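Taking it in order: structure first as structure tokens, then the write-up.
To find a chain, count down the sequence lines: A is the first, B the second, and so on, and within it residues start at 1. Just so it is clear, the structure is predicted and the values come from calculations on it, not from any experiment.
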Amino acid sequence: MQLVTVKEIYRETDRFLNQKVELSGWVRTVRTSKTFGFIEINDGSFFETIQVVFDESLDNFIEIGKLTISSAIRIQGELVSSPGAKQPFEVKAETIEILALSAADYPLQKKRHTFEYLRTIAHLRPRTNTFAAVFRLRSIVAYAIHKFFQDRGYVYVHTPIITGSDAEGAGEMFRVTALDMALAPKDDSGHIDFSKDFFGRETSLTVSGQLNVETYCMAFRNVYTFGPTFRAENSNTARHAAEFWMIEPEIAFADLSDNMNLAEEMMKYIIQYALDNAPEEMAFFNKFVDKTLFDRLENILSSEFVRVTYTEAVEMLQKEDVNFEYPVRWGMDLQTEHERYLTEKIFKKPVFVSDYPKDIKAFYMRLNDDNKTVAAMDLLVPGVGEIIGGSQREERLDLLQKRMQESGLNAEDYWWYLDLRRYGGVKHAGYGLGFERVIMYLTGMSNIRDVVSFPRTANSCEF
RNA sequence: UCCUCGAUAGCUCAAUGGUGGAGCAACCGGCUGUUAACCGGUAGGUUGUAGGUUCGAGUCCUACUCGGGGAGCCA
């Protein structure tokens, strides 16, 4: 009797056909007749289920027929080719052992549930087809990202989760404190005295690893971070979460064009990797979640990403005969409706928009020679919108200091960041890729809450 | 945070201001190759919460809570 997984049976069917096998897994569905029945089980190793046929020759036939969904069982039997149309093979059971009987009020039924309902039972939803596919893909894509960078010699840097820089500028921050807030020590002006706190200063959860990873970029040349990020923004959209994962590569001796080349190569690599290594899951998404998925992904793999400057994009949008809620005008940030129009209507594929006005972008972005724009780039993709935001960094100390001053930042807080410009600081660039947004893009899932195991959003931290 | 729509059985949804229903799930029974199996039966409800209008409220009004969609912020 060979102990096998469902994945092994599907991938190496010839090895197991007409052999005795032993399987264990969870019941997805049971169908019975007077003298025989069928069980489909999923053993966790594979997206697909396997059908088990059983009949009254089993001494526990009656009990088996009453198995509830999600009960755990062990089956011994023979793998045989199946006369049924929907599966190539099945297991003819000789013994079925009930390992754990699931209660009858198991909330998942043999029918389609809404994603909204499944979010209320996030501890059970990975047992559904959709979420099993999403989270196996998420694991595979995380590995693909590491593989992409590691194969190219990048060093993976673990940047800190707790940060003392209180103005990274990327968003609202969650405070980290060991103080009892009810008894917090106050200073003379009545504000909480964080010098008495654990770190002796005010600290927060990171909103980006970028500033830290730039320091390692100046040592290892090509580096990346991949870790959790926290934003305390009261964002209530399908593509924002308070806790999410971000990939942030940083490359030295490189400019904005190199940065976009890297982003494009990485995106294509990830897509190809997902198609090659999760074919069942991807086929499922294409069939049940987004019927245009494969066409969309194939189109991306076989074409070059569009590259336009912000100024060109504004001109193109102004020429279109469309009534935008917010008219396009040079100097304002592109609204979601403009970004979507660019990527979904005009180009119908991923678009890099670069060289934004300096006033709407972060202080660390490199000032262009026109003195009006900075070497920033966003990658916009159909369906998701902004998936990457990046820039060439300002490596010239005097200009960086000037920009910080204009942005109202205290240069002393960034002394180590400025040091990089004094000690062999060269041109360098990098970007942040929202991991969940990649998963959304690869699966067609339209809500970020459905690609995070236990999503944390404003007013929601169950589980 | 703003705009908008919604909340009725375990799930998905019906119900003109006038006795709250269906399908699926559950439970009981039937069925010799099923595929979200099928057939028959049983049980299941303080209509999100708190007020108000009315002879009478699931239905109308107010507030709150939670959720969907859109916007801002961004990845």
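No N or O donor and acceptor, one from the side chain of Gln87(A) and one from the base of G33(B), sit under 3.5 Å apart. If you check distances only, the side chain of Arg231(A) does reach the base of A75(B) with a donor-acceptor pair under 3.5 Å. Between the side chain of Gln51(A) and the base of U34(B), at least one donor-acceptor pair of N or O atoms lies under 3.5 Å. One N or O donor and one acceptor, one from the side chain of Ser235(A) and one from the base of C73(B), sit under 3.5 Å apart.
Residue-level contact check: Pro107(A) touches neither bases nor backbone, having no heavy atom under 4.0 Å from any strand. Looking at heavy-atom distances under 4.0 Å, Arg119(A) makes contact with sugar-phosphate atoms alone, never a base. Within the nucleic acid shown, Ile387(A) comes within 4.0 Å of sugar-phosphate atoms alone, with no base atom in reach, counting heavy atoms only. As judged by a 4.0 angstrom heavy-atom cut-off over every strand, Thr229(A) is placed among residues making no nucleic acid contact. Looking at heavy-atom distances under 4.0 Å, Glu56(A) makes no contact with the nucleic acid at all. Looking at heavy-atom distances under 4.0 Å, Tyr117(A) makes contact with sugar-phosphate atoms alone, never a base. Nucleic acid contact class of Glu116(A) (heavy atoms, under 4.0 Å, all strands): sugar-phosphate only.
Relative to the side chain of Glu233(A), the nucleotides C73(B), A75(B), G33(B) differ in distance, and C73(B) lies closest.
Between the side chains of Glu40(A) and Thr29(A), no donor-acceptor pair is found at a separation under 3.5 Å.
Per the geometry, CG belonging to Asp333(A) stands 10 Å off C1' belonging to C74(B), to the nearest Å. Atom-to-atom, NE2 of His113(A) to P of G23(B) comes out at 18 Å; the value is rounded to the nearest Å. Remark: P of G67(B) and CZ of Arg449(A) are 8 Å apart, rounded to the nearest angstrom. Distance, Phe324(A) CZ to A71(B) C1': 15 Å, rounded to whole Å. Here the P atom of nucleotide C2(B) and the OH atom of Tyr326(A) are 15 Å apart, to the nearest Å. Distance, Met173(A) CE to C74(B) P: 15 Å, rounded to whole Å. Separating the NE2 atom of His240(A) from the C1' atom of U1(B) is a distance of 13 Å, rounded to the nearest angstrom.
Counting only heavy atoms from C-beta outward, the side chains of Arg403(A) and Tyr364(A) never approach each other to under 4.5 Å. Two residues are said to be in side-chain contact when any heavy atoms from C-beta on lie closer than 4.5 Å; Asp355(A) and Asn368(A) meet this criterion.
The phosphate of G72(B) has OP1 or OP2 within less than 4.0 Å of a side-chain N or O from Thr336(A). Note on Lys34(A): a side-chain N or O is less than 4.0 Å away from OP1 or OP2 of C31(B). Contact annotation: Gln335(A) reaches the phosphate of G72(B) (side-chain N/O to OP1 or OP2, under 4.0 Å). The shortest distance between the side-chain N/O atoms of Lys110(A) and the OP1/OP2 oxygens of U12(B) is not below 4.0 Å. The side chain of Arg437(A) contributes no N or O atom lying less than 4.0 Å from OP1 or OP2 of C74(B). Put simply, Thr114(A) has a side-chain N or O that comes within less than 4.0 Å of OP1 or OP2 on U12(B).
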Step by step, would you call Arg138(A) with Glu436(A) a salt bridge (Lys or Arg N to Asp or Glu O under 4.0 Å)?
CA-CA 8 Å; Arg138(A) 185 176 166 126; Glu436(A) 282 77 10; 3.0 Å; yes
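With both ends at atom P, the span from G58(B) to C66(B) equals 25 Å, rounded to whole Å.
Under the 30°/60° scheme for interplanar angles, the aromatic rings of Phe463(A) and Phe454(A) are found to be tilted.
Pairing of A71(B), defined by two Watson-Crick or G-U wobble distances under 3.5 Å, is identified with U1(B). The base-pairing partner of U54(B), taking Watson-Crick or G-U wobble contacts with both distances under 3.5 Å, does not exist among the strands shown. With a 3.5 Å ceiling on both atom-pair distances, the Watson-Crick or G-U wobble partner of C38(B) is G30(B). Using N1 to N3 plus N6-O4 or O6-N4 for Watson-Crick, or N1-O2 and O6-N3 for G-U wobble, each under 3.5 Å, U8(B) pairs with nothing.
A distance of 7.5 Å separates CD of Glu250(A) from CG of Asn259(A), quoted to the nearest 0.5 Å.
Annotation: cation-pi pair Arg119(A)/Tyr117(A) absent, no NZ/CZ under 6.0 Å from the ring centroid and within 45° of its normal.
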